[in-house]
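To start, the structure itself, in structure tokens.
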Amino acid sequence: MQDDGLKWLHESSVVIDAYNPKLLQPINRSSSRDKLSHLSFFGYDVWQAYEVSFLQPSGLPKVATLTFKLDTNSKQVVESKSLKLYLNSLNNHIFDSDESVYQTIKKDLAVIIGNDFELDISYPPFPSNIDSLPFKDWFSIDQLNIDQLDAHTTPTAQMLKLDLQSGQKTEKLYTQLFRANCLVTNQPDWATVLIEYHGASWDKKSLLAYLLSYRNHQSFHEQCIDSIFSDITMSLKPDKLYIQANFMRRGGIDITPVRSSVKEFNYIHGRDWRQ
């Protein structure tokens, strides 16, 4: 078991049946970012939780979904398993109104991540249709032929190569093969990673090999995307770079980190079909 100050989160089963905001645990972004070379970016992390429930004054349960958007320059993020346990602790708690639920969750999250975040709580009836990610104008690198790929390769910026036979390009690339492992539980985290860049052309095979090298790498969602952004910036030196990773839902929560080299960018709305 890791000695990371989060020992109780490594336990296989933790049952909390009473409201307890102290369940929320912070993760300092600096713990991983201090090791990276290029950290000049804009963006945010979009968190969506689907297993939200509490009791009304009558005792009747109510269900909801929760979304919050956290600026990428926040000092701390919340550990995802601790958020799940915290939300579960609301299940048998009586709230006198929806506004009380909103203010309670906002206050509790602010203790961990500060006040610079947007929070939304939605209730049934939910939309009947969900937009999919718009892959029409994007190139999938998943079918590229790579000989003798080593799944246990450690991600390094040196793996990334330019395509010296081509000039300047603007390209939209994606992979649905990305996997990393949770730093706390070592459970697999799957994602669709979308990358848009402008600059000298990239060797797409080297990009795919690099992204697949995270397959057995232990790191949080946000840390993975920070590292990818840093490595691409250092090795490929694009004029503009945008990365979005739609991670699959685990424990009723999914996280979508977004990183951009420019302040004005277009968030890619929609969900991977596996989400």
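For this chain, numbers begin at 1 and follow the sequence in order. Computed over heavy atoms, backbone and side chain alike; hydrogens, waters and symmetry mates excluded. Quantities reported herein were computed from a predicted structural model and do not represent experimental measurements.
When ring centroids are compared, F126 and Y50 stay outside the 6.0 Å threshold. Here the two rings, on F68 and W47, have centers that are under 6.0 Å apart. Aromatic pair H221/F247: centroids less than 6.0 angstrom apart.
To the nearest 0.5 Å, atoms NZ (K81) and CG (L23) are separated by 11.5 Å. Rounded to the nearest 0.5 Å, atoms CZ (R271) and OG (S132) are 10.0 Å apart. One finds the NZ atom of K169 at 4.0 Å from the OG atom of S201 (value rounded to the nearest 0.5 Å). Distance check, rounded to the nearest 0.5 Å: CD1 of I27 to OG of S31 gives 7.0 Å. Atom CG in D231 sits 7.5 Å away from atom CG in L36 (nearest 0.5 Å). Going from atom CH2 of W190 over to atom CZ of R250 covers 12.0 Å, rounded to the nearest 0.5 Å.
Residue Q168 places its CD atom among more than 12 non-hydrogen atoms of other residues, nucleotides or ligands, all under 6.0 Å distant. In this structure, D34 places its CG atom where more than 12 heavy-atom neighbours from other residues, nucleotides or ligands lie under 6.0 Å away.
F265 is connected to V46 through a chain of hydrophobic side-chain contacts under 4.5 Å among Ile, Leu, Val, Met, Phe, Trp and Tyr, so both are in one cluster. Note on L144 and V193: same hydrophobic cluster, where clusters join Ile, Leu, Val, Met, Phe, Trp and Tyr whose side-chain heavy atoms are under 4.5 Å apart, directly or indirectly. Using a 4.5 Å cut-off between side-chain heavy atoms of Ile, Leu, Val, Met, Phe, Trp and Tyr, with links allowed through other members, L109 and L90 fall into the same hydrophobic cluster. Linking Ile, Leu, Val, Met, Phe, Trp and Tyr whenever their side-chain heavy atoms come within less than 4.5 Å puts I121 and L24 in one cluster. Linking Ile, Leu, Val, Met, Phe, Trp and Tyr whenever their side-chain heavy atoms come within less than 4.5 Å leaves W138 and I243 in two separate clusters.
A cation-pi contact, defined as under 6.0 Å to the ring centre and within 45° of the axis, is absent between R259 and F229. In this structure, K62 is positioned above the aromatic face of Y123, its NZ or CZ under 6.0 Å from the six-membered ring centre and within 45° of the axis.
Salt bridge absent: K69 and D45 never bring a charged side-chain N and a carboxylate O closer than 4.0 Å. Ionic pairing of K204 and D163 is not present here: no N-O contact between side-chain nitrogen and carboxylate oxygen is shorter than 4.0 angstrom. Salt bridge annotation for R33-D226: present, with a cationic side-chain nitrogen under 4.0 angstrom from a carboxylate oxygen. Salt-bridge annotation for D272 and R274: present, with a side-chain N of the basic residue lying under 4.0 Å from a carboxylate O of the acidic one.
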Criterion side chain to side chain contact (heavy atoms under 4.5 Å, CB included) on V52 and T65, from CA distance to verdict: CA-CA 6 Å; V52 181; T65 62; 5.8 Å; no

Could you check F117 against D71 for side chain to side chain contact (heavy atoms under 4.5 Å, CB included), going step by step and ending with a plain yes or no? CA-CA 7 Å; F117 69 95; D71 189 275; over 6 Å; no

Could you walk me through whether Q275 and R249 pass side chain to side chain contact (heavy atoms under 4.5 Å, CB included), step by step? CA-CA 6 Å; Q275 289 181 292; R249 191 183 310 181; 5.6 Å; no

Would L207 and I141 satisfy side chain to side chain contact (heavy atoms under 4.5 Å, CB included), going step by step from the backbone distance to the final call? CA-CA 8 Å; L207 175 65; I141 60 176; 4.1 Å; yes

Using side-chain hydrogen bond (donor to acceptor under 3.5 Å, both in side chains), reason through N181 and Q218 one step at a time and then give a plain yes or no. CA-CA 5 Å; N181 295 320; Q218 278 190 262; over 6 Å; no

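A side-chain N or O of S122 and one of D120 form a donor-acceptor pair less than 3.5 Å apart. D108 and Y86 form a side-chain donor-acceptor contact under 3.5 Å, judged by distance and modelled atom types alone. Donor-acceptor pairing under 3.5 Å is recorded for the side chains of Q244 and N246. Side-chain contact, D142 with T175: a donor N or O sits under 3.5 Å from an acceptor N or O.
Residues V63 and S53 form a side-chain contact, since some pair of their non-hydrogen atoms from C-beta on lies under 4.5 Å apart. Side-chain contact between L208 and F178 is absent, with no heavy-atom pair separated by less than 4.5 Å. Residues Y174 and F139 have side chains not in contact (no heavy-atom distance under 4.5 Å, counting atoms from C-beta outward). Put simply, the side chain of Y197 reaches to within 4.5 Å of the side chain of L241, judged on heavy atoms. In this structure, S82 and V78 have side chains that are in contact, with non-hydrogen atoms separated by less than 4.5 Å. Y242 is not listed as a side-chain neighbour of L194, based on a closest heavy-atom distance of 4.5 Å or more. Side-chain contact between I232 and P238 is present, with at least one heavy-atom pair separated by less than 4.5 Å. You'll find the side chain of S74 reaches within 4.5 Å of the side chain of R29, heavy atoms only.
Counting only distance, with no hydrogens or angles, the side chain of K161 and the backbone of Q158 share a donor-acceptor pair below 3.5 Å. The main-chain N or O of K22 is found under 3.5 Å from a side-chain atom of N20 such that the two form a donor-acceptor pair.
Residues D239 and G199 approach most closely at OD2-CA, 3.7 Å, considering heavy atoms. Of all non-hydrogen atoms in F95 and S100, the two that sit nearest each other are CD2-OG, 3.6 Å. Across all non-hydrogen atoms, the minimal contact from A209 to M159 is O-CE, 3.5 Å. Nearest heavy atom pair, residue C182 against residue F220, reads SG-CE2, 4.4 Å. Shown here for I105 and L66, the closest heavy-atom pair between the two residues is CG2-CD1, 3.6 Å. Nearest heavy-atom pair across K205 and I146 is O-CD1, 3.6 Å.
Classified by interplanar angle (parallel below 30°, tilted 30° to 60°, perpendicular above 60°), the ring pair H93/Y19 is tilted.
Among E99, K106, K107, the single residue meeting the side-chain hydrogen bond (donor to acceptor under 3.5 Å, both in side chains) criterion with Q103 is E99.
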